Amino acid sequence: MINISLPDGSVRSFDKPVSGADIAASIGPGLAKAALALRVDGKMKDLSHVVDHDAKIGIVTSRDSEALELLRHDAAHVLAQAVQELYPGTQITFGPATEDGFYYDFVREQPFSPDDFAKIEQRMAEIVDRDLPITREIWDRAKIKDYFKQHGESFKAQWVDELPKDEVISVYKQGDWLDMCLGPHLPSTGKLGKAFKLTKVSGAYWRGDANNAQLQRVYGTVFFSDKELKAYLHRIEEAEKRDHRKLGREMALFHQQEDSAGMVYWHPKGWTFWRTLEGYLRRKLEAGGYVEVKTPQLNDRRLWEKSGHWENFRENMYLSENEEGLKEYVADPARRMFALKPMNCPCHIQIFNQGLRSYRELPLRMAEMGSCHRFEPSGALHGILRVRNFTQDDAHIFCSEDQIEVETIRFCKLLGDVYRDLGFEYFVKFADRPPVRIGSDAIWDQAEGALKSASKAAGLDLILNPGEGAFYGPKLEFVLRDAIGRDWQCGTLQVDFMLPERLGASYVAEDGSRKVPVMLHRAIFGSFERMIGILIEHHAGRFPLWLAPTQAVVATIVNDADSYANEVASQLRAAGMRVDTDLRNEKINYKVREHSLAHVPLILAVGRRDIEGKTVAVRRLGSEKQEVLELGAAVTNLSEEARPPF
RNA sequence: GCUGCCGUAGCUCAGUGGUAGAGCACUCCCUUGGUAAGGGAGAGGUCGACAGUUCAAUCCUGUCCGGCAGCACCA
């Protein structure tokens with residue numbers, strides 16, 4: 001007798017082992033039809049899975065959240081089958097479900113192109129129409145390896161050898177087609193439905209390693225209904241409208257050009273935005289007990305050798321030398337060679353090293369809006385979010401070991417305040433020692449331990465990010481989530497027991513001895529470029545008033561109002577606002593449209609009536625209402641409203 | 001860096017083996033209009049760069065540069 005307990009608490013008894021399909025059928029014909037998979041003691045199984053012991057089970061239907069992953073994995077298989085039917089000789093490799101769809105990696109001489117999608121999708125639809133039962137079989141290693149070899153599937157055959165020896169190998173068959181796969185899967189290809197769409201092709205590496213063969217990855221997405229698919233495609237379109245590269249150009253914030261790839265030309269409005277953000281942060285830093293410094297762009301290579309960057313980071317550094325020096329360098333590699341700084345830390349230690357430091361000066365919080373250059377791979381560049389020259393809101397806190405905890409707490413508070421002011425939610429990852437690093441394991445143990453306990457004291461929930469620490473120390477990564485749910489790593493806090501020692505930093509301790517300070521590297525924005533790009537996309541260009549580069553435009557209705565408009569603008573400017581005037585010979589409709597499209601938060605229209613009554617007609621971005629205010633009140637209220645949060 | 005796609009006016013894009021077009025933007029003129037495009041005229045391009053094929057290349061081929069998507073990278 002087998003007792004099956006269902007999610008509603010009821011128990012059904014069967015006198016022999018039963019499949020998921022049998023259980024669903026025993027509950028009702030509707031459920032039998034809707035059933036997609038089975039959950040046995042919390043684990044997803046095929047609907048055909050036979051339950052032979054007392055268990056808690058659930059019937060998975062399209063209403064379960066896990067069902068979508070199942071659907072997507074199936075879509076990947078159907079894609080692969082369609083591709084192999086259409087393009088014989090194409091090899092299959094892997095094809096998992098992803099967060100918003102699925103992909104399958106193929107090996108084929110000829111590249112796939114988006115032009116092939118219609119044909120492949122059509123074949124996929126045919127396979128769905130065939131409603132092929134999807135069945136699971138257990139094969140032994142030799143059999144499956146032979147099968148793949150015979151079918152010219154060398155990648156799959158190779159993979160068989162790499163599976164753990166004790167692993168049971170299952171294959172999933174649909175019609176003549178099969179793939180080696182852990183499952184589970186839907187009961188038949190018909191259950192996939194047709195709310196799928198292929199979205200893009202790209203290269204990908206075999207097993208994710210750039211040293212391996214490059215495969216062709218075909219991406220797609222699938223949902224249970226056309227409605228959901230359409231909604232998804234609509235979301236993608238909406239995200240494209242927020243693209244900071246597009247908005248940056250439209251709003252005249254910045255541009256980038258070919259002869260300085262990965263760098264940014266900031267235009268007046270973009271630079272105004274930058275300075276507003278920088279001013280806000282600077283006030284926060286000052287209030288937080290930081291001092292600010294500025295250090296050289298170019299340093300002798302010997303500094304980078306001492307710091308370890310020359311050895312660990314040179315691939316990403318821009319080297320520089322004048323012609324004379326270059327000749328000498330070629331002749332004698334021991335010659336001086338300069339490098340643009342990729343980080344500010346070694347420079348900050350140079351400042352720390354000037355004069356004798358006392359424990360009384362610690363913690364010393366040294367900040368710099370530090371412009372750094374890093375030679376990023378060309379394929380990594382992305383607008384202003386990933387650039388080769390960026391400005392870090394960097395700071396290094398020189399402290400004693402027992403100050404780490406307090407300083408971590410202080411920093412987390414500061415970062416939290418800033419993210420809250422900017423309207424971001426965030427979470428925190430803990431990145432521990434990377435494979436390539438400096439320093440002994442004992443020191444890493446110490447640094448990781450210190451950062452962990454300080455995080456705990458700061459009340460952080462940490463997600464482990466193994467092997468992703470900096471080469472000199474472990475780090476916290478603060479990841480913020482924007483308005484449309486995308487994650488961006490921005491803030492960081494890194495504990496460093498190495499660099500101060502390497503670069504000879506020390507202070508006189510209370511007992512008169514010399515000690516090496518610990519250094520905390522920390523940033524809130526990470527880089528201004530990146531943060532500004534994120535803010536543009538987060539707000540879709542409709543910045544909060546305090547951040548908007550142009551906070552208000554005073555637009556005239558008739559030219560007679562020109563001098564009054566100038567008067568209104570100058571009063572607002574005197575009250576600290578950023579204001580433009582629009583005195584052009586255009587209709588007010590035209591001006592309203594243009595400034596609305598430019599995302600100006602406030603449009604103040606002035607005409608003859610306003611001159612007489614000393615008023616302005618205020619229109620707010622996103623609203624069609626007009627509010628006629630007396631000029632003095634408008635200046636007071638709007639300038640108050642436009643004040644930064646700190 | 002790798003794979004694929006792309007590069008024509010400020011922007012969005014059409015087009016052709018015989019040196020190019022549209023809409024918007026821009027300039028000028030008319031219009032002075034109370035909240036999302038008033039009308040007219042004009043100007044604007046070494047068709048990403050360099051080679052090659054050809055009588056002739058923006059178009060075909062190659063190399064390079066840059067962009068886009070994904071992969072890899074992001075200390």
Side-chain angles (χ1 to χ4, degrees), chain A residues 98 103 105 110-116 199-219 240 243 245-246 249-250 252 255-262 307-309 311-317 342-343 345 374-383 385-388 390 431 433-438 467-473 475 477 489 492 494 496 521 526-527 530 555-562 584-598 603-610 617-621 623-628:
Chain A
T98 62
Y103 64 78
D105 287 344
Q110 205 186 332
F112 288 108
S113 120
D115 299 339
D116 301 324
T199 50
K200 54 200 169 200
V201 291
S202 82
Y205 299 105
W206 169 243
R207 309 199 56 196
D209 185 335
N211 298 311
N212 290 342
Q214 186 144 23
L215 316 171
Q216 293 191 61
R217 180 169 294 179
V218 178
Y219 285 86
E240 279 170 14
D243 192 313
R245 293 164 298 189
K246 183 171 174 282
R249 188 176 51 239
E250 287 172 1
H255 88 272
Q256 294 176 281
Q257 67 186 43
E258 198 169 326
D259 43 28
S260 34
S307 69
H309 288 79
E311 197 183 336
N312 291 286
F313 205 70
R314 186 155 38 122
E315 280 185 2
N316 294 291
M317 287 166 68
M343 298 182 199
C345 25
R374 295 182 190 176
F375 189 80
E376 300 285 353
S378 60
L381 302 179
H382 181 82
L385 294 176
R386 186 82 182 270
V387 285
R388 287 178 174 155
F390 55 95
R433 68 193 77 183
V436 179
R437 58 181 183 261
I438 57 176
E468 295 294 327
F471 72 79
Y472 46 74
K475 61 180 183 180
E477 299 173 333
Q489 201 227 294
T492 184
Q494 309 170 5
D496 183 357
H521 307 240
S527 95
R530 191 172 172 73
T556 51
I557 293 162
V558 291
N559 287 152
D560 290 352
D562 286 3
R584 289 176 305 171
N585 175 13
E586 294 291 350
K587 289 191 166 183
I588 193 65
N589 293 15
Y590 184 90
K591 296 184 182 181
V592 164
R593 174 181 157 82
E594 196 160 277
H595 300 301
S596 298
L597 290 174
I603 299 172
L604 312 189
V606 292
R608 294 206 179 92
R609 294 207 298 263
D610 301 291
V618 180
R619 177 181 170 129
R620 285 167 188 274
L621 184 61
S623 159
E624 287 173 18
K625 276 191 289 199
Q626 295 169 54
E627 194 184 358
V628 177

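Below, chains carry the letters A, B, ... as their sequence lines are ordered, and counting in each starts from 1. None of the values given here were measured: they were computed from a predicted structure.
- Remark: the backbone N or O of A:Asn559 is not paired with any side-chain donor or acceptor of A:Thr556 at under 3.5 angstrom.
- Within 4.0 Å of A:Pro434, counting heavy atoms only, lies no atom of the nucleic acid at all.
- Without hydrogens or angle criteria, A:Lys475 side chain to A:His521 main chain gives no donor-acceptor distance under 3.5 Å.
- With rounding to whole Å, A:Arg217 atom CZ is found 11 Å from B:A72 atom C1'.
- In this view, A:Glu376 and A:Arg386 satisfy the salt bridge (charged side-chain N to carboxylate O under 4.0 Å, His left out) rule, not counting sequence neighbours.
- A donor-acceptor distance shorter than 3.5 angstrom exists from the side chain of A:Asp610 to the backbone of A:Gly607, with no hydrogens or angles considered.
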Output one line per pair: protein atom, nucleotide atom from nucleotides 9-13 of chain B, and distance, for all N/O pairs under 3.5 Å.
unit_1: B:U12; atom_1: OP1; unit_2: A:Arg249; atom_2: NH2; d: 3.1

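- Atom CZ in A:Phe471 sits roughly 18 Å away from atom P in B:C73 (whole-Å rounding).
- Here B:C5 presents its P atom at 17 Å from OH of A:Tyr219, a figure rounded to the nearest Å.
- Base pairing in RNA chain B yields stems of at least 3 consecutive Watson-Crick or G-U pairs, both distances under 3.5 Å, namely B:1-7 with B:65-71, B:10-13 with B:21-24, B:26-30 with B:38-42, B:48-52 with B:60-64.
- Scored by the ring-ring contact (aromatic ring centres under 6.0 Å, His included) test, A:Tyr590 finds no partners at all (sequence neighbours excluded).
- Look at the P atom in both B:U3 and B:A51: the space between them is 26 Å, to the nearest Å.
- Scanning for side chain to side chain contact (heavy atoms under 4.5 Å, CB included) contacts around A:Asp560 gives A:Val558, A:Arg608, with sequence neighbours left out.
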Task: Trace of the side-chain contact (heavy atoms from CB on, under 4.5 Å) decision for A:Arg619 with A:His595 - done: CA-CA 11 Å; A:Arg619 177 181 170 129; A:His595 300 301; over 6 Å; no
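- Taking atom C1' in both B:C64 and B:U12, one finds a spacing of 28 Å when rounded to whole Å.
- Rounded to an integer number of Å, the gap from CD of A:Gln489 to C1' of B:C73 is 14 Å.
- As rounded to the nearest Å, B:A9 and B:C26 have C1' atoms that lie 11 Å from one another.
- At a threshold of 4.0 angstrom between heavy atoms, the contacts of A:Lys475 are confined to the sugar-phosphate backbone, with no base atom among them.
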For A:Tyr472 and A:Met343, run side-chain contact (heavy atoms from CB on, under 4.5 Å): C-alpha distance rounded to whole Å, both residues' side-chain angles, the deciding distance at 0.1 Å, then the answer.
CA-CA 13 Å; A:Tyr472 46 74; A:Met343 298 182 199; 4.2 Å; yes
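- Among residues two or more places apart in sequence or in another chain, the salt bridge (charged side-chain N to carboxylate O under 4.0 Å, His left out) test is passed with A:Arg437 by A:Asp441.
- Pairs passing the salt bridge (charged side-chain N to carboxylate O under 4.0 Å, His left out) check and including a residue from residues 200-219 of chain A, sequence neighbours excluded, read A:Asp105-A:Arg217, A:Glu162-A:Arg207.
- Residues satisfying the ring-ring contact (aromatic ring centres under 6.0 Å, His included) test with A:His382, not counting sequence neighbours, are A:His244.
- Every residue meeting the side chain to side chain donor-acceptor pair (under 3.5 Å) condition with A:His309, not counting sequence neighbours, appears here in chain and number order: A:Ser307.
- B:U58 sits 16 Å from B:C13 when the C1' atoms are compared, rounded to a whole Å.
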Protein-nucleotides 59-68 of chain B N/O pairs under 3.5 Å:
unit_1: B:C65; atom_1: O2'; unit_2: A:Glu258; atom_2: OE2; d: 3.1
unit_1: B:C65; atom_1: O2; unit_2: A:Glu258; atom_2: OE2; d: 3.3
unit_1: B:C68; atom_1: OP1; unit_2: A:Arg245; atom_2: NH1; d: 2.8

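- Take A:Tyr103 and apply the ring-ring contact (aromatic ring centres under 6.0 Å, His included) test, not counting sequence neighbours, and it matches A:Tyr219.
- Put simply, CG on A:Asn211 is 13 Å from P on B:A72, counting in whole angstrom units.
- Spacing of C1' atoms, B:U46 relative to B:U19, comes out at 9 Å, to the nearest Å.
- For the pair A:Gln494 CD and B:C74 P, the computed distance is 13 Å after rounding to whole Å.
- Atom P of nucleotide B:G4 and atom CG of A:Leu215 are separated by 13 Å, given to the nearest angstrom.
- A:Gln494 places no side-chain N or O within donor-acceptor distance of the main-chain N or O of A:Gly469, the cut-off being under 3.5 Å.
- B:G48 atom P lies 21 Å from atom CD of A:Gln256, rounded to whole Å.
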Letter by letter from the 5' end, nucleotides 32-39 of chain B scores (B base, S sugar-phosphate only, - none; protein heavy atoms under 4.0 Å) BBBBBBS-
